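For ligands, and for the atoms within them, numbers begin at 1 and follow the listed sequence. Everything quoted here is computed from the prediction, not taken from an experiment. Excluded from the calculations below are hydrogen atoms, water molecules and symmetry mates; all remaining heavy atoms, backbone and side chain alike, are included.
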Amino acid sequence: MSEKESIKTSKEEIVSYWVKYQDECGLSVDWAEANERCWRCGYKRPLERAHIIPAALGGKDEPQNLVLLCKRCHADGPNVADPEIMWDWIRGYGYPFYDMFWTTMGMKEYRLIYKHSFKNALEFIIDHAKNLKNDEEIEEFIQQRLKKLNDEVSTHWGQNYWNTATYAGKYRMLIKAFGEYMGVDIKRLDEIKGEENKPWWVEDLFL
Ligand SMILES: [Zn+2]
């Protein structure tokens with residue numbers, strides 16, 4: 001029997017419990033939609049009942065030990081014996097807009113890999129352009145290219161979504177194409193300096 005089938009507590013019970021104990025302010029989901037949107041990413045997805053303290057660590061089948069997450073967030077969520085950690089995690093990722101969470105995670109991934117933000121890359125290219133284009137042309141190019149790039153990215157087997165590395169890759173492909181369009185060698189993006197230029201692990205591990 002799968003874990004899903006073995007949970008007796010209903011989704012409705014889980015929602016009505018947490019509405020009383022967690023302020024929706026700062027969450028990715030409005031409580032009014034908590035039975036259809038993931039509590040971590042805020043996307044409308046089939047929701048799974050996720051243990052706060054895992055069953056394997058003695059977590060019980062009761063509303064105060066369960067939250068509702070999409071399959072993807074469920075797989076990412078913490079499995080620890082301290083019940084505060086799940087809500088720290090959900091709140092830590094609290095995001096104010098619906099349906100942009102994973103796009104933004106892709107932007108974070110881009111920054112981690114390329115050591116500058118996607119936004120700074122776009123601005124750098126515009127500032128150093130050899131080919132002068134007006135705002136409408138730039139907007140048009142980016143919209144068209146983004147549309148085209150949807151045919152150049154895919155998903156892993158068994159995943160029905162673009163993972164963050166795929167998003168980051170898509171943004172990089174856009175930056176490459178944009179650099180070419182504007183006449184800027186994207187190797188020059190290394191000139192963008194700032195905190196972001198450090199390797200991603202430096203501060204956390206060694207400083
Ligand atoms: Zn989610």
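- Taking the centre and axis of the six-membered ring of Phe178, the NZ or CZ atom of Arg145 falls outside the cone set by 45° and 6.0 Å.
- At a cut-off of 2.8 Å, measuring from the Zn ion (ligand 1), the protein N, O or S atoms that fall short of it are Cys38 SG, Cys41 SG, Cys70 SG, Cys73 SG, waters left aside.
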Side chains of residues 183-191: which donor-acceptor partners sit under 3.5 Å, not counting sequence neighbours?
| residue | atom | partner | partner atom | Å |
| --- | --- | --- | --- | --- |
| Asp185 | OD1 | Lys187 | N | 3.0 |
| Arg188 | NE | Glu191 | OE2 | 2.9 |
| Arg188 | NH2 | Glu191 | OE1 | 3.3 |

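- Every pair tested for side-chain hydrogen bond (donor to acceptor under 3.5 Å, both in side chains) that includes a residue from residues 124-136 fails, sequence neighbours excluded, so the list is empty.
- Listed by first and then second residue, the salt bridge (Lys or Arg N to Asp or Glu O under 4.0 Å) pairs involving residues 85-100 are Arg37-Asp99 (not counting sequence neighbours).
- Evaluated for a side chain to side chain contact (heavy atoms under 4.5 Å, CB included) with Pro63, the options Glu13, Lys20, Lys11 yield exactly one hit, Glu13.
- Looking at heavy atoms from C-beta onward, Val67 lies in side-chain contact with Trp18 at the 4.5 angstrom threshold.
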